[in-house]
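Order of appearance sets the numbers: ligands from 1, and atoms from 1 within every ligand.
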Amino acid sequence: QLQDSPTVKRRLLTTPIFYVNAGPHLGHVYSALLADAIYRHRKVVLGANDPGTRFSTGTDEHGLKIQQAADTAGKDPSVFCAEVSKQYKNVFNHLCISYTDYIRTTEQCHRSAVEHFWTILRQRGFIYKGVYEGWYSTPDESFLADSQVMDVSDKQGNVMKISTESGHQVHWTKEENYMFKLSEFRLPLLKWFQNNPSAIYPDKFYQLVLQALQEDLPDLSVSRERGRLTWGIPVPGDDTQTVYVWLDALVNYLTIAGYPEAHGSWWPGAHHVVGKDILKFHAIYWPAFLMAAGLEPPSRVYVHSHWTVHGQKMSKSLGNVVDPMDCCAQFTVDGFRYFLLRQGVPDRDCDYYDDKVVKLLNAELADALGGLLNRCTAPAINLAQNYPSFSSACFPDRPARSGEVLPRATEEDYKLLELVERLPAEVNDFYENFQVYKALEAIHVRVKQTNAFFQRHAPWKLDRSNPADKCWLDTLLYVTLECLRMYGTLLQPAVPSIADTLLSRLAVAPHERTLTGLQFFSRYHGKSCPFEGRNLGPDTGILFNRLERQKLRSK
Ligand code: ME8
């Protein structure tokens, strides 16, 4: 278990920094949400034992496409960037993304970090001046080899070249640039990844990186002529050139860590969450830059796939961009968070449509979870509005041996308890393997099994005036409340506000909401339980209101 490990270290967890040429959409929010869930989960696991965790996000504000977007909007780039960056911040705040640091690449501290980093690379002999000639994609801010471009015809029949990977048009460009000796890092990178098989999750993406490193890595152009790109950080000592946006952007992770002065306690050990489209930058360029500067590569890169909408790529021109604020208004913040985390599978693209959200939330949050809370807290069944006493006479600490008749508790009940006791470790493993959707699935399955447990024993049929029945009824309620307390604790990273409502109703104090404070079902193991006899918290109403399809926007 993570909380017992003496090797738990400080951790810097990051999202990508978002381009400010357009506002946030569903995909951006997904990157941030995955990181938020991991961050919150770590807090639940470690509680007061957390040696320190930082969680950064922010905006990527330099580069030609941002310069162009500001021009189109008729705004000064710095005003434009500030506005869009604020928009990201507002959406993240609304979605309860609990970042500790929000960075903007136009900040002075970041500029100083980039200048320092550049100077170190230059001093260590990894940057040289060369002439670059080749295909250039402005939206991708990348030079491309012949093998990475293809011909297409536009509507008028004009032939043009596009990037095979992104589909963006490319132009032939020749200019003097500073080059980074990326070619020297192919073998060191290969060796590093072979020695660190858990550096990239899921494995599919680790294999892709290993495969890419089998082929030659050409040196990388890391500056642009200033005349063509003014919106960026000038190359130290040569203001005719601007630092390549990706070098600038990647250094944000070091800026957060306090580079160059105070990064020691936050570097190494970074965990980056990124989308599949920016894997190359994080798994090849970034570790190579770091090695060149004499620093450790990131400990882990978590890679997720993309969301499509009704089977199509999200794009402004198709008019199918999903607005996260709109989704929160329809499904509530926690509903939307739950849907994305429960349905998003890192290994492959996932499709978004409103109906799917409604079905999932009604089934899992309203019916299963809300139903379970209702069952064990409704005044009609839980008259005393508390955690009643657990009776080991009805539920001894072992199942019946063959031939032996034990009162009440069945083999299935013991199985359920065993599964629920194993749940924190299971959920933890899923988080460690970047399978948040599986963690949520496992919790949901247990919720369903607990509902079945309740249903099977039909406590409403028991006769309270009969002492034996009353004992069993109390035990059933106690067990159900204990299970629910476990689910509420483990659901905090995904649905913080629903979990808070649930745990407040279950009278769980803030310091009891971590795995160390959980003491799940200690009564069953013959120990005292701080919850036995405790009054429930005030009735908080319906946990999650069922959504009605016809009330949703028409799409
Ligand atoms: O790439 N589904 O920024 P960005 C899921 N500034 N995720 C998606 C998505 C979709 N449809 N569309 C985009 C950049 N994303 C750089 C990063 S980091 C040093 C610099 C994800 O605003 C995408 O995969 O284009 C990426 O992780 C994030 O949104 C930011 O994308």
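Note: Tyr253 and His282 meet the aromatic proximity criterion, with ring centroids under 6.0 Å apart.
A parallel orientation is assigned to the rings of His28 and His25, their planes being inclined by less than 30° (bins at 30° and 60°).
In terms of polar-atom proximity, Tyr19 is counted as a contact of ligand 1, with an N or O under 3.5 Å from an N or O of the ligand. Taking distance alone, with nitrogen or oxygen atoms compared against 3.5 Å, His282 stays at or beyond that limit from ligand 1. Considering both main-chain and side-chain atoms, Gly27 comes within under 3.5 Å of ligand 1 through a nitrogen or oxygen pair. The shortest N or O to N or O distance between Ile17 and ligand 1 is below 3.5 Å. Checking only distances, Ser31 does come within under 3.5 Å of ligand 1, N or O to N or O.
Looking only at protein heavy atoms, the nearest one to atom 27 (O) of ligand 1 is Gly275 N, 2.9 Å. Nearest non-hydrogen protein atom to atom 23 (C) of ligand 1 is Asp277 OD1, 3.4 Å. The nearest protein atom to atom 29 (O) of ligand 1, hydrogens excluded, is given as His28 CD2, 3.4 Å; this is a heavy-atom distance. With respect to atom 2 (N) of ligand 1, the closest heavy atom belonging to the protein is Trp307 N, 2.9 Å. The shortest contact between atom 1 (O) of ligand 1 and any protein heavy atom is with Ile278 CG2, 3.4 Å.
Although no hydrogens or angles enter the test, the distance criterion places a donor-acceptor pair under 3.5 Å between the side chain of Thr308 and the main chain of Cys350. A distance-only check finds no donor-acceptor pair linking the side chain of Thr106 to the backbone of Arg104 [under 3.5 Å].
A salt bridge links Asp349 with Lys276: at least one charged nitrogen is closer than 4.0 Å to a carboxylate oxygen. Ion pairing of Asp50 with Arg42 is present here, as a side-chain N (NZ or NE/NH1/NH2) and a carboxylate O approach within less than 4.0 Å.
Counting atoms of ligand 1 from 1 in the listed order, those under 4.0 Å from a heavy atom of Asp60 are 6 (N), 16 (C), 20 (C). Using a 4.0 Å cut-off to heavy atoms of Met314, the atoms of ligand 1 that qualify are 11 (N). Interface of Ser305 with ligand 1, defined as ligand atoms under 4.0 Å from a residue heavy atom, comprises 5 (C). For ligand 1 and His25, the ligand atoms under 4.0 Å from any heavy atom of the residue are 9 (C), 12 (N), 13 (C). Shown in contact with His304 at under 4.0 Å from a heavy atom are these atoms of ligand 1, numbered in order with element: 5 (C), 7 (N). The distance from ligand 1 to the heavy atoms of Ala249 drops below 4.0 Å at these ligand atoms: 19 (C).
Comparing Phe18, Tyr88, Tyr30, Tyr253 by heavy-atom distance to atom 19 (C) of ligand 1, the nearest is Tyr253.
Residue Cys96 comes nearest to Arg337 through the heavy atom pair O-NH1, 3.1 Å, listed as atom of the first residue, atom of the second, then distance.
Ligand 1 lies out of reach of Trp286, whose nearest heavy atom is not under 4.0 Å from it.
Note that NE2 of His271 is 10.0 Å distant from OG1 of Thr53, once rounded to the nearest 0.5 Å. For the atom pair OG1 (Thr15) and CG (Asn252), the distance works out to 8.0 Å, reported to the nearest 0.5 Å.
Tyr136 carries Arg228 over the face of its six-membered ring, with the cationic atom under 6.0 Å from the centre and within 45° of the normal.
With respect to Ile17, the side chain to side chain contact (heavy atoms under 4.5 Å, CB included) criterion is satisfied by exactly one of Thr57, Ile256, Leu250, Thr105: Thr105.
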